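Every value quoted in this text rests on a predicted model; they were computed, and no experiment measured them.
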Amino acid sequence: MILIVLLLLCLTPQSTNARKLVSYTSTADRSLFFQRGSLSFGAEPLGGNLVRIDVDARHQSMDGFGAALTGSSCYNLMQMSPKDRKTFLQQTFSTKKGLGFSYIRISIGCSDFSLSDYTCCDTPGIENFALTSEETDYVIPILKEILKIQPKLKIMGSPWTCPRWMKVDNLQSLKPFNSWNDGQLNPRYYQDYATYFVRWVRAFEQAGVPIYSVTVQNEPLNRGNSASLFMGWKEQQQFVAEALGPAFQKAGLSTKIYAFDHNYNYDRIPDQQQYPLHVYDNEVAATFLAGAAYHNYGGNRSELLRIGKERPDKELIFTETSIGMWNDGRNLAKRLSADMSEIALGTVEYGCGAVIVWNLMLDTDRGPYRPGGCASCYGAVDIDRNDYHTITYNSHYYIIGHLSCVVRPGAIRLGTNEQSGLMTCAFLNPDNTLALVVLNKESRTMSFSFTADGRNYATADLPPHSVTSYIWKP
């Protein structure tokens, strides 16, 4: 395993001035890991490629960047010494001493990376709702540690399944279906399940953990996960319009609700194509929904453009992607450029206002994971089970960090021109600092210049297969 210590941390925007900018560079060969540097502006571009930032081309607002804090991730974090855990959480979440991860996704009940199969109401009757030891002993304590470091952390909840007593085998026979995976939500229990969501949000709030958003169902078209629930668009539309939305409204919750939360290709199910658009067709449901969430386990991210064009009034967010044995996930030389272009910059370029990857931390045996779940996934970082100290940083940690260290929540994406061999995204932060993230996809050093006003130019050499993030005060 490789132990990487983050010595050069992202600085606050106040460290920049009108003629200087700060940069952070990482390379696919691991020789540079958020290496801090600085540049000066000059009157002429010197690089072979010129990136022009169009400050008048305003696109989506950014909600944040982060990873999933599954029960497994929390378990692994709790095995670390308090000192090591604090160091890791600070370098990951602090905006002053670290990378400023700002968005966390957790499961409502179990996921395929939990310590057991459970929901928060396994005894029939919604009056039996209660948080379990996974939340009270692992997830909530870790979240509270993070909130001390990053008080503005945004937290999203997603259910993998409803309580089994709410399930039926199909919506025609309505036969009870006592299984963790597959099945459908019995319409008889729409109101109870909406109450389940409300009580879950309230329980976390009472524990000192505010919930910023939820998705209605994780992977609603996936019947085969270790815990799962099939929920076609007609069901989701009805559930949101008749139960979930009104329940949140009645409870006075400002928690955002997102539809879908699944793949670009809708798992190739013909009558589920463009799932969010169908849900939005019901005006009541659409009123309660902030937008739609996507994963990339099937299809092409161009679907984001299609959905965004049809409903520009609704947000798009990217909520899950994995690395693992199937895509050589621990090989940074292979994954850094691919994941930066397809996930981090790619989804933002196509309209997403948030990017969240899957497990923040797994162990070196890819766990703990549930039987029937993903046994071949890696985390954004992997911690050695032999000492719970040695950490390997994988591509997903890099790609989120290179966005979060310079792009603040509330930033607006700006326009940039295309340059061969480079991929770029620029942002205007709420404090009026500018940020630019650049991927060099080539196997050679690339010299480039950039400007936001056509008068002041910065020039840099980008190492082969590298990512560099810039922030400056114009």
Side-chain angles (χ1 to χ4, degrees), residues 1-11 21-39 47-49 51 65 67 87-88 91-92 98-99 101 321-346 355 357-362 364 366 376-384 389-406 419-425 436-448 450 458-471:
M1 299 303 294
I2 300 171
L3 174 62
I4 302 175
V5 180
L6 187 59
L7 300 175
L8 300 169
L9 300 170
C10 286
L11 304 180
L21 56 82
V22 175
S23 65
Y24 306 93
T25 301
S26 298
T27 54
D29 65 3
R30 298 186 185 270
S31 62
L32 297 179
F33 181 67
F34 295 94
Q35 173 77 45
R36 182 184 180 275
S38 63
L39 294 175
N49 298 280
V51 173
F65 311 98
T87 297
F88 174 76
Q91 78 170 37
T92 302
L99 297 173
F101 280 38
T321 182
S322 291
I323 48 175
M325 299 172 70
W326 67 91
N327 62 6
D328 204 5
R330 287 183 179 148
N331 184 348
L332 192 65
K334 180 177 180 179
R335 294 256 47 97
L336 181 61
S337 181
D339 292 342
M340 198 76 206
S341 59
E342 178 62 30
I343 298 161
L345 299 181
V355 182
V357 297
W358 194 208
N359 290 282
L360 175 62
M361 177 184 283
L362 292 180
T364 44
R366 304 176 302 283
S376 57
C377 289
Y378 301 133
V381 307
D382 294 324
I383 192 162
D384 194 332
H389 170 78
T390 306
I391 295 175
T392 299
Y393 293 83
N394 296 320
S395 62
H396 283 181
Y397 192 84
Y398 285 79
I399 68 173
I400 294 299
H402 268 286
L403 286 168
S404 65
C405 75
V406 295
Q419 291 293 321
S420 178
L422 303 180
M423 190 171 184
T424 62
C425 274
L436 177 68
V437 182
V438 184
L439 168 67
N440 177 8
K441 297 185 286 186
E442 300 295 320
S443 57
R444 60 186 175 90
T445 298
M446 297 279 282
S447 180
F448 92 117
F450 60 93
T459 299
D461 289 331
L462 303 171
H465 298 300
S466 66
V467 185
T468 303
S469 301
Y470 302 92
I471 186 167

> Do Phe101 and Tyr397 have ring centroids that are under 6.0 Å from one another?
Replying inline: yes
> Residues in side chain to side chain donor-acceptor pair (under 3.5 Å) with Asn331, at least two apart?
Replying inline: Asp328
> Who passes side chain to side chain donor-acceptor pair (under 3.5 Å) against Ser376, sequence neighbours left out?
Replying inline: none
> Do Val437 and Met340 touch side chain to side chain, with heavy atoms closer than 4.5 Å?
Replying inline: yes
> Does His396 have any ring pair (Phe, Tyr, Trp, His ring centres under 6.0 Å) partners at least two apart in sequence or in another chain, and if so, which?
Replying inline: none
>> So, taking the atom named CD1 in Ile399 and the one named CZ in Phe65, what distance separates them when rounded to the nearest 0.5 Å?
In response: 11.0 Å
> Can you tell if the side chain of Arg36 reaches within under 4.5 Å of the side chain of Val22, non-hydrogen atoms only?
Replying inline: yes
> Are Leu332 and Asn394 close enough that some pair of their side-chain heavy atoms sits under 4.5 Å apart?
Replying inline: no
>> Rounded to the nearest 0.5 Å, what separates atom CG in Asn359 from atom CG in Asp382?
In response: 9.5 Å
>> Looking at every non-hydrogen atom in both residues, tell me the closest pair between Leu99 and Gly401 and how far apart they are.
In response: CD1-CA, 4.1 Å
> Under the side chain to side chain donor-acceptor pair (under 3.5 Å) test, which residues partner Ser26, sequence neighbours left out?
Replying inline: His402
>> What verdict does the side chain to side chain contact (heavy atoms under 4.5 Å, CB included) test give for Ser466 and Leu32, after you've listed the backbone C-alpha separation in whole Å, the side-chain angles of each residue and the deciding distance to 0.1 Å?
In response: CA-CA 9 Å; Ser466 66; Leu32 297 179; over 6 Å; no
> From Leu21 CG over to Ile471 CD1, what is the distance, rounded to the nearest 0.5 angstrom?
Replying inline: 10.0 Å
> Given Leu462, which of Val438, Val467, Leu439, Thr445 fulfils the side chain to side chain contact (heavy atoms under 4.5 Å, CB included) condition?
Replying inline: Val438
> Got Arg366 and Met325 here, is their nearest side-chain heavy-atom distance under 4.5 Å?
Replying inline: yes
> Hey, what do you get for OG1 (Thr25) to CZ (Phe33), rounding to the nearest 0.5 Å?
Replying inline: 13.0 Å
>> Let me confirm one number: the OG-CE distance from Ser443 to Met446, rounded to the nearest 0.5 Å.
In response: 10.0 Å
> Which pair of heavy atoms, one from Arg330 and one from Thr364, lies closest together, and at what distance?
Replying inline: NH2-O, 3.6 Å
>> Any heavy-atom pair between the side chains of Leu403 and Leu345 that's under 4.5 Å?
In response: yes
> What is the minimum heavy-atom distance between Leu362 and Tyr378, and which atoms define it?
Replying inline: CD1-C, 3.7 Å
>> Tell me the closest heavy-atom pair linking Ser341 and Ala338, and the distance in Å.
In response: OG-O, 3.2 Å
> How far does CG of Asn440 sit from NE2 of His465, to the nearest 0.5 angstrom?
Replying inline: 7.5 Å
>> Restricting to salt bridge (Lys or Arg N to Asp or Glu O under 4.0 Å), what partner residues turn up for Glu442, sequence neighbours left out?
In response: none
> What residues, two or more places apart in sequence or in another chain, satisfy ring pair (Phe, Tyr, Trp, His ring centres under 6.0 Å) together with Tyr470?
Replying inline: Phe450
> Got a donor-acceptor contact below 3.5 angstrom from the Arg30 side chain to the Tyr393 backbone?
Replying inline: yes
>> My understanding is that only residues two or more places apart in sequence, or in another chain, count here; which of them pass salt bridge (Lys or Arg N to Asp or Glu O under 4.0 Å) with Arg335?
In response: Asp339
> Mind checking what makes side chain to side chain donor-acceptor pair (under 3.5 Å) contact with Ser322, not counting sequence neighbours?
Replying inline: Tyr297
> How close do Cys377 and Trp326 get, heavy atom to heavy atom, and via which atoms?
Replying inline: SG-CH2, 3.8 Å
> For the residue pair Gly329 and Ile323, what are the closest heavy atoms and their distance?
Replying inline: O-CD1, 3.5 Å
> With Thr459, which residues qualify under side-chain contact (heavy atoms from CB on, under 4.5 Å), at least two apart?
Replying inline: Leu46, Ser447, Ser449
